[in-house]
Amino acid sequence: MRIAEENWKVLASLFPAGWQQMAWQSGAVERLRGFPSPDVLLRMLLLHVARGYSLRETVVRAKLANWADISDVALLKRLRNSEEWLRFLCMELLRENVAYPLEETIGRTMRIVDGTIVREPGKTGSQWRILYSIRLPSLVCDFFEVTATIGEGSGESLNRLPVGPRDLILADAGYCSVAGIEYVWQRGADVLVRVNPQSFVAYSAYGRRVSPSFRDYALCPKWGSSANGGLSCTVKVRHLQAGCAQYERATARFNMLIGACSVKQVRSK
């Protein structure tokens with residue numbers, strides 16, 4: 001028990017300044033009914049959210065640890081009231097750990113897209129897929145959709161995402177597909193995805209397939225429309241010399257950009 005308390009003190013020391021006061025200001029704590037302090041409330045919320053314990057198991061563990069004696073329903077109400085408090089903690093931690101201001105000055109709506117699978121309790125619990133997007137830097141969830149994990153329309157795809165003009169969609173390699181990128185592009189938005197080597201296919205102006213080594217080339221794509229009205233991209237390929245001072249940085253840039261070139265018509269110069 002002593003080790004657990006010491007660990008909590010170390011963890012709490014990493015929280016942003018004013019995190020306890022924000023619990024009152026955000027409405028997460030209007031009165032400490034059943035909780036001795038905001039610290040205890042946050043510890044219980046983290047048990048449920050971060051450790052994955054059910055609400056019922058969380059309150060049982062809290063009672064055994066002499067933290068608080070409340071019902072699972074009461075904890076659920078506290079969780080619902082703590083949205084702004086938890087978002088404040090995440091935003092402040094993000095600001096403290098990035099090397100540039102998280103201000104929305106680029107004139108675009110930056111959105112991170114990802115998905116996950118959740119399972120209902122029990123040995124025979126059903127599985128569900130959640131697709132969601134979060135805005136930067138506000139960390140507000142502006143879209144989520146719950147579907148089955150099998151069947152048509154249940155996969156993780158950008159086609160399921162509502163997209164507006166000048167959106168900038170950030171996604172992992174699982175979203176690097178021709179159909180998904182074209183869907184976003186046709187709606188006046190842009191995509192930044194990590195490359196999926198299995199789906200990226202590029203051809204030269206002479207119709208020959210281009211297969212550059214990901215460690216030796218950097219690509220700079222420029223979007224446009226093809227003669228048949230489809231999506232096209234002119235790609236400039238720059239060979240990188242190993243040992244160059246900018247090799248790693250250029251390679252990282254290539255790894256991000258090349259995913260956006262996963263289209264049917266690609267010309268390489």
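In what follows, residues are counted from 1 in the order of the sequence shown.
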Using the side-chain hydrogen bond (donor to acceptor under 3.5 Å, both in side chains) criterion, which residues pair with R111? Sequence neighbours excluded. S133, D142, D167
4.5 Å side-chain heavy-atom contact, E156 and R129: yes
Quick check for you: to the nearest 0.5 Å, what is the distance between D72 atom CG and H48 atom NE2? 10.0 Å
Under 3.5 Å donor-acceptor, Y53 side chain and R61 backbone: no
Nearest heavy-atom approach of L139 to C90 is CD1-CB, 3.6 Å
Straight-line distance of F15 CZ to S13 OG, nearest 0.5 Å: 8.5 Å
For the residue pair L161 and E145, establish whether any side-chain heavy-atom pair is separated by less than 4.5 Å. no
Scanning both residues in full, the closest heavy-atom pair of L41 with A28 reads CD2-O, 4.1 Å
Side-chain heavy atoms nearer than 4.5 Å, only ILVMFWY residues, links allowed to pass through others: does that put M22 and W24 together? yes
Please name the pair of heavy atoms, one in D69 and one in K63, separated by the smallest distance, quoted to 0.1 Å. OD1-CD, 3.8 Å
Smallest separation among heavy atoms of F88 and W19, with atom names: CE2-CA, 4.1 Å
Out of curiosity, W8 CH2 to D39 CG, how far, rounded to the nearest 0.5 Å? 6.5 Å
Is it the case that atom CD in E96 sees more than 12 heavy atoms from other parts of the structure closer than 6.0 Å? yes
So, is the end of the R78 side chain (NZ or CZ) under 6.0 Å from the ring centre of F35 and within 45° of the ring's axis? no
State, with a plain yes or no, whether a side-chain heavy atom of V49 is found less than 4.5 Å away from one of L79. yes
Counting C-beta onward and ignoring hydrogens, is there a side-chain heavy-atom pair between P162 and F143 closer than 4.5 Å? yes
Do the non-hydrogen side-chain atoms of S71 and V59 ever get within less than 4.5 Å of each other? no
How long is the gap from CG on L168 to CG on L192, to the nearest 0.5 Å? 6.0 Å
Apply side chain to side chain contact (heavy atoms under 4.5 Å, CB included) to the pair L45 and L75, showing each step before the final yes or no. CA-CA 8 Å; L45 293 179; L75 182 59; 4.0 Å; yes
ILVMFWY cluster, V29 and L76 together (side-chain gap under 4.5 Å): yes
Decide yes or no on salt bridge (charged side-chain N to carboxylate O under 4.0 Å, His left out) for R108 and D190, but give the supporting numbers first. CA-CA 10 Å; R108 293 179 177 271; D190 292 310; 2.7 Å; yes
Pairing residues for E84 by the side-chain hydrogen bond (donor to acceptor under 3.5 Å, both in side chains) criterion, not counting sequence neighbours: R87
Rounded to the nearest 0.5 Å, what's the gap from CD1 on I130 to CG on D114? Could you check? 11.0 Å
Is it the case that one hydrophobic cluster holds both I112 and F144, taking links as side-chain heavy atoms less than 4.5 Å apart, direct or via other members? yes
With the 4.5 Å side-chain cut-off for hydrophobic clustering, are L94 and I134 part of the same group? yes
Using a cut-off of 6.0 Å, state whether more than 12 heavy atoms not belonging to E57 lie near its atom CD. yes
State, to 0.1 Å, how close V40 and W67 come at their nearest heavy-atom pair, and which atoms those are. CG1-CB, 3.8 Å
Taking V60 as the starting point, is it possible to reach V73 by hopping between hydrophobic residues whose side chains are less than 4.5 Å apart? no
Non-hydrogen side-chain atoms of V113 and Y175 separated by less than 4.5 Å: yes
Quick check for you: to the nearest 0.5 Å, what is the distance between C141 atom SG and R135 atom CZ? 10.5 Å
Which heavy atom of M44 sits nearest a heavy atom of A68, and at what distance? SD-CB, 4.1 Å
For residues W85 and L42, determine if any side-chain heavy atom of one lies less than 4.5 Å from a side-chain heavy atom of the other. yes
I want to check something: taking the side chain as every heavy atom from C-beta on, are N159 and V184 in contact at a cut-off of under 4.5 Å? no
Can you tell me if I117 has over 12 outside heavy atoms packed within less than 6.0 Å of its CD1? yes
